[in-house]
Structures are given as C-alpha cells and as structure tokens.
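The structure under discussion appears below in the form of structure tokens.
Starting from 1, each residue takes its place in the sequence as its number.
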Amino acid sequence: MCLAIPAEVVELQENETALVEIGGVRKVVSLMLLDGVKVGDYVLVHAGFAMEKVDREEAERTLAILEEAAEYGPLYE
C-alpha cells in the first residue's frame, strides 16, 4: 500500500530539496517534481519526494484523520 502524507515546508534547501514537518517530525524531501514551492506550503510526500501541493485546509483535515486512526493502534498485528 502506498500512502502520501501532507507535510508543511519549513525551509527551502539546496539542490531542489526542502525541510518539511509532519506531526513534529522534520525530514528533508526532494522538490524536483514540483515548481514554485514556498515556505509554509503543504505538499504530499511519498518515498522522500514531494509529489503535489495541497491547500492548508485539506492537509490539516487529512492529518487529523491520520491522527484519529493512529489512536486505534496498528491495523495489523
């Protein structure tokens, strides 16, 4: 199963990369698939690549759903 997770861009870096934050965790991702990304934008991240920009409202709604799902524990044991 593939899952892209919304992340907020907190810092633009060299070589088409950015530092993003997902639920308090920061990670460097590639921006090579997108143009015009700015600090404060939300992007969908999959396998280390930002794949699409999303609006803040949609990103926050998705993150809230993921947090709620995490409260129920793992899907498989």
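Considering only heavy atoms from C-beta on, Val43 stays 4.5 Å or farther from Glu52 through its side chain. Using a 4.5 Å cut-off on side-chain heavy atoms (C-beta onward), Asp41 and Val39 make no contact. The side-chain heavy atoms of Glu60 and Tyr42, taken from C-beta on, include a pair separated by under 4.5 Å. Side chains of Val29 and Thr17 form no contact here, defined as non-hydrogen atoms less than 4.5 Å apart. Put simply, the side chain of Glu57 reaches to within 4.5 Å of the side chain of Arg61, judged on heavy atoms.
Partner of Leu19 under the side-chain contact (heavy atoms from CB on, under 4.5 Å) criterion, out of Lys27, Glu8, Arg26: Arg26 alone.
To the nearest 0.5 Å, atom CG of residue Asp35 and atom NZ of residue Lys53 are 8.5 Å apart. Here the CD1-CG distance, from Ile5 to Leu44, works out to 9.5 Å after rounding to the nearest 0.5 Å.
Counting all heavy atoms, side chain and backbone alike, Glu21 lies closest to Val10 at CB-CG1, 4.1 Å. Residues Gly40 and Arg56 come closest through the heavy atom pair O-NH2, 3.5 Å. Ala7 and Ile22 get closest at one heavy-atom pair: CB-CG1, 3.2 Å. Taking all atoms of both residues into account, the shortest heavy-atom contact from Leu33 to Ala50 is CB-O, 3.7 Å.
Under the 4.5 Å side-chain heavy-atom criterion for Ile, Leu, Val, Met, Phe, Trp and Tyr, Leu3 and Leu63 are members of the same hydrophobic cluster. Following chains of ILVMFWY side-chain contacts shorter than 4.5 Å, one can reach Leu34 starting from Val20, so the two form part of one hydrophobic cluster.
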